[in-house]
Amino acid sequence: MDLETRIRSIHNLLQNKNFLQAKEILGKLLKRIPNNSYLLNLSGLTSQYLDDYTSAINFFTLAIKSDEKNIAAMNNLANSHKRLLNYIEAEKIYKKILAIDHNYAHALNNYANLKIEINDYNEAIKLLKRAILISNQKNIKPLDIMLSLASVYQSINDLEKVKEILDEIFLIKPKFAPAHKLLSEITKYSTSNSKSLSHIDEMKKILEEQDISDQDKITLSFATGKSLEDLKKYEKSFDYLQLANNLKKHKINSNLKEEINIFDNLMKSFENIKLKNIDIKTQPKKIIFVCGMPRSGTTLAEQILSSHPNVYGAGELLYLEKTIKENFIEDHKINKQNIINLQNSSSEKIFLEYLKFFEIYNFDENRIVDKTPQNFKWIGFIKIFFPEAKIIICKRNPKDNCVSLFKNNFPSPMMNWAFDQEEIAEYYNQYFKLISFWKDKIPNDIYDLDYEKLINDNKNEIDKLLKFCNLDLNERCYNFTKFSKTPIKTVSISQASKPIYKDSINSSNSYQNFLQKMFNKINII
């Protein structure tokens, strides 16, 4: 079999997700042809698919060493660094690629994605527009890039631009499921809006087609469920949401047991670690950690806080978890001795590593909001290594919280427990147990932000929140939809970009008859 045929077979293996087999064949080929830049780049891609980004970086580096003009390998190298949150290194490489070929659409798109991650939306828009223009000149219709641009405009609440782009996409591919999902997010469906009703019919017709993929069926089922809820057709809405969750559940592996093991391990590890009376060290940037169950109001809290002139809302960040896993977790278990060693030293290693991630960001504010819901897991670490940080736990009616989880399609594998009624309830129960553990250890250092109270008495609740964060009261925070400086990237986007509204309180009542498996399992009502 000649080299070209072997490469074709490797591409087929990768397309069919047979990554380990592809890796084995590539390993044998590289022993025979060790400096083949194409094979090295392909090996790097295979490592990426296997989530082995350290090996991927090594292969891409060797590919570039063998062929300095291999900009595909350079682009893949930058993507690997971006995946590992090495943003500064990734940006250097994207700039180098575009200096060689300023029309390289793949690098423009990937560089735009980096800009989105660091909240530089103006630059992201420029890069995405450039990538679309270049693709069009080559008679390529870049639907995914167009959708990314539409999502950016959605994040900054420019809905007219979103609609314009979606109209262009539908002219090219009328059945493009992700575009229908995005349209559903910005549409308020009602019987008086005939266009919105037509869109529901359109999504239903696509769902009935024989050749629709499971992924498109999941996407459209979540979207249709949302549209029918707008019309208050809750039973039909539930049918589509249940279909979407069932399909998604069968495509992924649940991580519920893994998460519960982490919770248990955290409580055992921190049981005898003192978190009170920690020496306060003056740190140059003050961090506000907004955490809690996903869909508990964390985005709303961040939008309020980031409206303050002295606060920068960084969004959901992976930095803290990455730093903790690199320093304190071995074989999925907490290394308690490492915590004690660093706690007893004068080192500010964890704080400085965390702060280093922000070097590429562009902001002057001296307070940063890290709105990562799952940081509730790491409260013990936060208390030790960020002694001046403010910790806010968003709490919401458990039923409403769990129903909201059931209604959304979360892309992160960290949320693979969120597509089954009973697993959602069990996660909530275990979450509550861990939060109770942290509150027992540091009862005066965690602020409960009650979602229902915030909605019903927002002025007083916002005042109390600002005072806890040692922030001056500021009128901008009461008009956060106008003054927030933080784009919304999460599934909360359609709600948190609007003024405070009360429809979400007791929203679970509408699904009372359909989610009994979930409600019966929740321990805290």
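Here the structure is a predicted model, which means the values were calculated and not measured.
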Take atom CG of N344 as the centre, draw a 6.0 Å sphere, and report whether it contains more than 12 heavy atoms from other residues, nucleotides or ligands.
yes

When rounded to the nearest 0.5 angstrom, what distance separates NZ in K204 from CD in E209?
15.5 Å

List the steps and the verdict of ring-ring contact (aromatic ring centres under 6.0 Å, His included) for F376 and F263.
CA-CA 10 Å; F376 71 81; F263 293 0; 5.7 Å; yes

Shortest non-hydrogen separation from L434 to K377 and the atoms involved:
CD2-CA, 4.0 Å

Non-neighbouring partners of K248 that pass side-chain contact (heavy atoms from CB on, under 4.5 Å), sequence neighbours left out:
I218, I252, N409, F419

Does any N or O in the side chain of H180 come within less than 3.5 Å of the main-chain N or O of P174, such that one atom is a donor and the other an acceptor?
yes

Can you tell me if S296 uses its side chain to pair, donor with acceptor, with the backbone of G292 under 3.5 Å?
no

Step by step, would you call E423 with K249 a salt bridge (Lys or Arg N to Asp or Glu O under 4.0 Å)?
CA-CA 11 Å; E423 289 200 359; K249 183 182 173 183; 5.4 Å; no

Tell me every residue that passes side-chain contact (heavy atoms from CB on, under 4.5 Å) with L166, counting only those two or more places apart in sequence or in another chain.
L147, V162, I169, F170, A179, L182, L183, I186

Can a donor-acceptor pair be found, under 3.5 Å and without considering hydrogens, that links the side chain of S37 to the backbone of A63?
yes

Do the ring planes of Y427 and W417 sit parallel (below 30°), tilted (30 to 60°) or perpendicular (above 60°)?
parallel

Is the shortest side-chain heavy-atom distance between W378 and T323 below 4.5 Å?
no

May I ask you to check whether Y431 and Y428 place their ring centres under 6.0 Å from each other?
yes

Ignoring hydrogens and geometry, is there a side-chain-to-backbone donor-acceptor pair from N265 to K333 under 3.5 Å?
no

Residues, nucleotides or ligands: over 12 heavy atoms within 6.0 Å of N253 CG
no

Do other residues, nucleotides or ligands put more than 12 heavy atoms under 6.0 Å from the NZ atom of K23?
no

Non-hydrogen atoms of A90 and L114 that approach each other most closely:
CB-CD1, 3.7 Å

Supply the atom-to-atom distance N246 CG to S221 OG, rounded to the nearest 0.5 angstrom.
10.0 Å

Does N86 use its side chain to pair, donor to acceptor, with the backbone of K82 at less than 3.5 Å?
no

Could you check if a side-chain atom of E164 sits within less than 4.5 angstrom of a side-chain atom of Y153, using non-hydrogen atoms only?
no

Main-chain N/O of N12 paired to N16 side chain as donor or acceptor, under 3.5 Å:
yes

Salt bridge (Lys or Arg N to Asp or Glu O under 4.0 Å) filter on K349, not counting sequence neighbours, yields E353

Hey, are the side chains of K92 and I88 touching, using non-hydrogen atoms and a 4.5 Å cut-off?
yes

Listed by chain and number, what are the side-chain contact (heavy atoms from CB on, under 4.5 Å) partners of L13, not counting sequence neighbours?
N18, Q21, A22, I25

What heavy-atom pair brings I64 and N70 nearest, and what distance separates the two atoms?
CG1-O, 4.3 Å

For A131 and A105, which heavy atoms make the closest approach, and how far apart are they?
CB-O, 3.9 Å

Give the minimum heavy-atom separation between A107 and Y94, together with the two atoms involved.
O-CD2, 4.1 Å

Sidechain-backbone polar pair: T372 side chain, N375 backbone, donor-acceptor under 3.5 Å
no

Starting from the C-alpha separation in whole Å, work towards a yes-or-no answer on salt bridge (Lys or Arg N to Asp or Glu O under 4.0 Å) for E123 and K115.
CA-CA 7 Å; E123 284 301 312; K115 291 293 187 181; 5.5 Å; no

Could you check whether N366 and Y312, counting side-chain N and O atoms only, form a donor-acceptor pair closer than 3.5 Å?
no

How about F328 and F385: are their ring centroids closer than 6.0 Å?
yes

Does the gap between the ring centers of F289 and F386 come in under 6.0 Å?
yes

Could you check E359 against K356 for salt bridge (Lys or Arg N to Asp or Glu O under 4.0 Å), going step by step and ending with a plain yes or no?
CA-CA 6 Å; E359 289 179 2; K356 187 174 176 60; 3.7 Å; yes

Determine, stepwise, if the pair S135 / K141 fulfils side-chain hydrogen bond (donor to acceptor under 3.5 Å, both in side chains).
CA-CA 7 Å; S135 298; K141 299 301 179 185; over 6 Å; no

Where the side chain of N338 meets the backbone of N327, is there a donor-acceptor pair that is under 3.5 Å apart?
yes

Do we see a donor-acceptor contact under 3.5 Å between the side chains of N76 and N41?
yes

For A425, side-chain contact (heavy atoms from CB on, under 4.5 Å) partners two or more places apart
M518, K521, I522

Centres of the Y53 and F60 rings: under 6.0 Å?
no

Salt-bridge criterion met for K322 and E326 (N-O under 4.0 Å):
yes

Verify the neighbour count for atom CD of E68: are there more than 12 heavy atoms of other residues, nucleotides or ligands below 6.0 Å?
no

Does atom CD (Q15) have a neighbourhood of more than 12 heavy atoms from anything else shown, all under 6.0 Å?
no

Show me the pairs that pass ring pair (Phe, Tyr, Trp, His ring centres under 6.0 Å) and involve residues 30-49, at least two apart or across chains.
F19-Y49

What are the two closest non-hydrogen atoms of N36 and L39, and how far apart are they?
OD1-N, 2.9 Å

Given E160 and K163, is the salt bridge (Lys or Arg N to Asp or Glu O under 4.0 Å) satisfied, shown in steps?
CA-CA 5 Å; E160 288 307 312; K163 291 172 186 174; 3.8 Å; yes

Aromatic contact between Y361 and F357, with the criterion being ring centroids under 6.0 Å apart: yes or no?
no

Heavy-atom donor-acceptor pair, T298 side chain to P294 backbone, under 3.5 Å
no

F381/F270 aromatic ring centres below 6.0 Å
yes

Among side-chain atoms of N110 and N75, is any donor-acceptor pair under 3.5 angstrom?
yes

Between K285 and R367, is there a side-chain heavy-atom distance shorter than 4.5 Å?
no

Within-4.5 Å side-chain heavy-atom neighbours: F410 and R295
yes

Approximate separation, where rounding is to 0.5 Å, of L108 CG and L128 CG:
9.0 Å

List the steps and the verdict of side-chain contact (heavy atoms from CB on, under 4.5 Å) for D370 and Y354.
CA-CA 11 Å; D370 181 337; Y354 176 85; 2.8 Å; yes

Quick one: do the E259 and Q430 side chains pair a donor with an acceptor below 3.5 Å?
no

For atom NZ of K175, is the number of surrounding heavy atoms from other residues, nucleotides or ligands below 6.0 Å larger than 12?
no

Only one of D52, N58, D51 clears side chain to side chain donor-acceptor pair (under 3.5 Å) with S55; which?
D52

Going by distance alone, is a donor N or O of one side chain under 3.5 Å from an acceptor N or O of the other, for E117 and N113?
no

